[in-house]
Structure formats: C-alpha cells, structure tokens
Undergrad: 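The structure follows.
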Amino acid sequence: MTENAHAPALMRAHALLSADRPEEALRELAALPASEAVSAIVFELRAAALLQLERWSEASEAARSGLAAGGPDPDLLCQLGLAEYRLGRHETAERALLDGLALAPEDVSLLCVYTRLCLEHGQLDKARRLVDLAAAQDPDSPTVYSTRVQLAHASGDDVLAQRISRAFVAAHPENAQAHALLGGTSAARGQVRSAYSGLRQAVANDPGDRDYAQAAYEARIAMHPLLVPLRPFARFGPVKTWIAAIVVIYGLRSLGLSTLATVAAVAWFALCVYSWVVPPLLRKWMMRRWR
C-alpha cells in the first residue's frame, strides 16, 4: 500500500493533535503498517504527540528518526530543539534550532523556542530580538504571545507581562494557556482574585491539564480571608516586605517613638509566625473539606 492509501489515518492523527488528544493520535499512528510507520511525516506527527504529553526523550528520538528518514526539515528540527531544551541539553537544542533557522529563518516556532533557550541563559537582548522577529511574522500567534510574556517576566516587568497576557486572552479567548498566563501574571502582582479567575477559566477551557487545576486550587486557597494579612508578601515579595518592615521599625525608633517601634517589631514577628503556621494548616483543612 502507498502512503496516500493511509492519508486518512494521518489526517485523523493530525486532527486529534489539533484537538489536544495526543494519546489517541499515537494510537492512530501505531495502527499503521510497519512499512508506512517509518516515513518522515509519521515521525513528525508522533513527535508532536509526544511533546504534548511532555515525553521529551521519546519526542527527541522520534524527531531524530524523522530527520534520518526525510532529511533536514524545519518542523522536525524545531521539535528536536524543543525536546532537547526540555531535557536540559541546551547545546544540542541550539544546534538543532540554528539548523532549522538556516532553512527557515522566519519560522515563528523556531524563533520562539530559541527565544526561550536564550532566556534560560539570561540573554535578554538576544531573546528580545528573536521574539520581535517572530512577532513581525505573526503578531497574533499564541506562541508569540506566550513567549513575550516569558520575556517580560524574565526582564522583571510583571506589569508588562500581565498586559501582554490580557492581550493574549483578548485575541484568543478559548486558549487555556492565555488564561493561565493571565492568572499567573496576576498572582505575581498579588492580585489574587484576578489570578483565581484566570486560572479557573484555564481549567474550564482545558479540564484535563493537571497543572492548571493545581494552580487554580492554590489560587483559591490564596483568596481565603485568613490569608488577607499575607497579601503584601504575595504582592511585593518577602524580601521587599521585610525591608519595608525594617525601615518602619528603625524609622520609628530614630524619631524617638520607641514604644511604637516595639509594637511594630512585635507585630512584624507575629505576622512572620502567622505566615509560617496558617497557610499549611489552612491548606490541609481545605483539602479535607473538598474531598
């Protein structure tokens, strides 16, 4: 039988991948005859499914097999680069991505994966140039949006990260990752209600994703009234909050207000103890309640 005879099977596998059903896509591909299961397109579809399942090592092997079967290909090189990046083999990942960009210098996926690799190594300027190139090709691509959020976060600009996340949601309201990123960027700014709203919507759009469900669960806990006193820690971070407390305590003391300084110091110590004790106890109580 020719490959064209099995085109419907390949089309079904592709449709299953688009519907975020990678395990079913793998079963569809596994049903192909041995003679047909070694073509580059089959390996590419298999690698795509394995990447969705985060089975990085197997995805890398499938991409390599596809390259061996069909020769250099930008999509397979991108899959190989992403899998190797996830495996922590950054030099191999970079080589694959550069080989892919040599064939397709304007490929959005290659540019965005390479951007993420650069962010891992703190190469912010290079990452910014790469994502700008990707955005010039397809500014509304979900991959471009998510990569720009990562760049903003790596640059320490949580306001920009949240703004991009909002634009992502507006452009792709059905995209679960868009809502999850909005939830995450809102949480980074201490906006617990917005964080929970975004993560809850991510779960609604993709109920099968355990990471979204866990993040939404944590965000729901953070909204509990008992954790209101700890929101400065979430909004500004423990280091900045600690510095502010020290400034207040010593500022009062320098003004001769020793009693107030003592009260502030005791209140700060009590808040620290509260932050150590209450959240884990509340989490256990809520877990027992929701079971």
Side-chain angles (χ1 to χ4, degrees), residues 17 20 22 26 40 43-139 141-158 160-161 164-165 168 175-178 180-181 184-185 188 209-212 214-215:
L17 285 172
D20 197 23
L26 287 174
F43 282 120
E44 183 180 332
L45 290 171
R46 183 173 292 122
L50 292 167
L51 286 171
Q52 284 191 21
L53 292 168
E54 299 185 359
R55 291 158 58 179
W56 312 122
S57 183
E58 294 172 77
S60 176
E61 292 177 10
R64 289 185 188 279
S65 297
L67 290 166
D73 177 83
D75 293 332
L76 283 165
L77 286 165
C78 184
Q79 291 175 330
L80 177 59
L82 177 56
E84 291 293 300
Y85 159 64
R86 291 292 193 174
L87 288 167
R89 301 196 285 249
H90 291 178
E91 289 185 9
T92 308
E94 184 175 29
R95 183 70 267 160
L97 295 170
L98 289 174
D99 288 347
L101 287 168
L103 297 172
E106 297 178 346
D107 185 280
V108 169
S109 295
L110 282 164
L111 289 167
C112 287
V113 175
Y114 197 16
T115 298
R116 296 174 191 177
L117 182 60
C118 291
L119 291 177
E120 285 282 334
H121 294 273
Q123 299 172 324
L124 298 183
D125 290 339
K126 185 175 181 180
R128 191 171 290 107
R129 290 194 296 272
L130 287 166
V131 78
D132 285 346
L133 287 173
Q137 300 304 314
D138 190 356
S141 164
T143 304
V144 171
Y145 274 116
S146 63
T147 306
R148 289 177 62 210
V149 172
Q150 292 180 40
L151 174 60
H153 180 70
S155 302
D157 194 339
D158 290 335
L160 178 59
I164 297 170
S165 298
F168 190 1
N175 190 296
Q177 185 186 31
L181 285 173
T185 55
D209 193 295
R210 294 182 180 179
D211 291 337
Y212 295 161
Q214 181 62 32

Undergrad: Ignoring hydrogens, what is the shortest heavy-atom contact between A154 and L119? Give both atom names and the distance.
TA: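 For A154 and L119, the tightest heavy-atom pair comes out as CB-CD2, 3.9 Å.
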Undergrad: Minimum heavy-atom separation for L103 and P72, please, with both atom names.
TA: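 Smallest interatomic distance, heavy atoms only, reads CD1-CB, 3.7 Å.
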Undergrad: As an exercise, state the distance from CG of L133 to CG of D107, rounded to the nearest 0.5 Å.
TA: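 Separation between the atoms: 12.0 Å.
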Undergrad: Could you give the distance from CG (L82) to CG (L77), rounded to the nearest 0.5 Å?
TA: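 If we round to the nearest 0.5 Å, L82:CG and L77:CG are 12.5 Å apart.
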Undergrad: Passes salt bridge (Lys or Arg N to Asp or Glu O under 4.0 Å), R129 versus D125? Steps please.
TA: CA-CA 6 Å; R129 290 194 296 272; D125 290 339; 5.4 Å; no
Undergrad: Once the angle between the rings of F168 and Y145 is folded into 0 to 90°, is it parallel (under 30°), tilted (30 to 60°) or perpendicular (over 60°)?
TA: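 Rings of F168 and Y145: parallel, as their planes differ by under 30°.
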Undergrad: Measure across V144 and V131 and return the closest heavy-atom pair with its distance rounded to 0.1 Å.
TA: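 What the structure gives for the nearest pair is O-CG2, 4.4 Å.
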Undergrad: So, taking the atom named CG in D132 and the one named CZ in R148, what distance separates them when rounded to the nearest 0.5 Å?
TA: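 Taking CG in D132 and CZ in R148, the distance rounds to 8.0 Å.
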Undergrad: Look at D99 together with R95 and state whether they make a salt bridge at an N to O cut-off of under 4.0 Å.
TA: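 Salt bridge flag = yes for R95 with D99.
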Undergrad: Would you compute the distance between atom CG of D75 and atom CG of L80 and round it to the nearest 0.5 angstrom?
TA: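 If we round to the nearest 0.5 Å, D75:CG and L80:CG are 12.5 Å apart.
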Undergrad: Apply the test side-chain hydrogen bond (donor to acceptor under 3.5 Å, both in side chains) to residues T143 and R116: give CA-CA distance (whole Å), side-chain angles for both, the deciding distance (0.1 Å), then the verdict.
TA: CA-CA 11 Å; T143 304; R116 296 174 191 177; 5.4 Å; no
Undergrad: Mark yes or no for whether Q79, through its side chain, and E44, through its backbone, hold a donor-acceptor pair below 3.5 Å.
TA: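 Yes; at least one donor-acceptor contact below 3.5 Å.
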Undergrad: For the pair Y114 and E94, evaluate side-chain hydrogen bond (donor to acceptor under 3.5 Å, both in side chains) and give the outcome as yes or no after the intermediate values.
TA: CA-CA 7 Å; Y114 197 16; E94 184 175 29; 2.7 Å; yes
Undergrad: Once rounded to the nearest 0.5 Å, what's the spacing between atom CG of L53 and atom CD of E58?
TA: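 It comes to 9.0 Å.
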Undergrad: Is it true that a side-chain atom of S60 and a backbone atom of W56 form a donor plus acceptor pair closer than 3.5 Å?
TA: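 Side chain of S60 to backbone of W56: no pair is present.
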Undergrad: Taking all heavy atoms of L17 and all of Q52, pick out the closest pair and write down the distance.
TA: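 Minimum heavy-atom separation between L17 and Q52: O-NE2, 3.1 Å.
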Undergrad: Looking at every heavy atom in both L50 and A62, which two are closest together, and how far apart are they?
TA: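 Scanning both residues, the minimum pair turns out to be CD1-CB, 4.2 Å.
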Undergrad: Can L26 and R55 be said to form a side chain to side chain contact (heavy atoms under 4.5 Å, CB included), step by step?
TA: CA-CA 12 Å; L26 287 174; R55 291 158 58 179; 3.9 Å; yes
Undergrad: What distance do L101 atom CG and L111 atom CG have between them, rounded to the nearest 0.5 Å?
TA: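 Here the rounded value is 5.0 Å.
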Undergrad: List the steps, then state whether side chain to side chain contact (heavy atoms under 4.5 Å, CB included) holds for R46 with S65.
TA: CA-CA 10 Å; R46 183 173 292 122; S65 297; over 6 Å; no
Undergrad: Could you tell me which non-hydrogen atom of T147 sits nearest to which non-hydrogen atom of C112, and how far apart they are?
TA: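 Here T147 and C112 meet closest at OG1-CB, 3.4 Å.
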Undergrad: For atom CD of Q137, decide whether the heavy atoms of other residues, nucleotides or ligands shown that lie under 6.0 angstrom number more than 12.
TA: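 Correct, the count exceeds 12.
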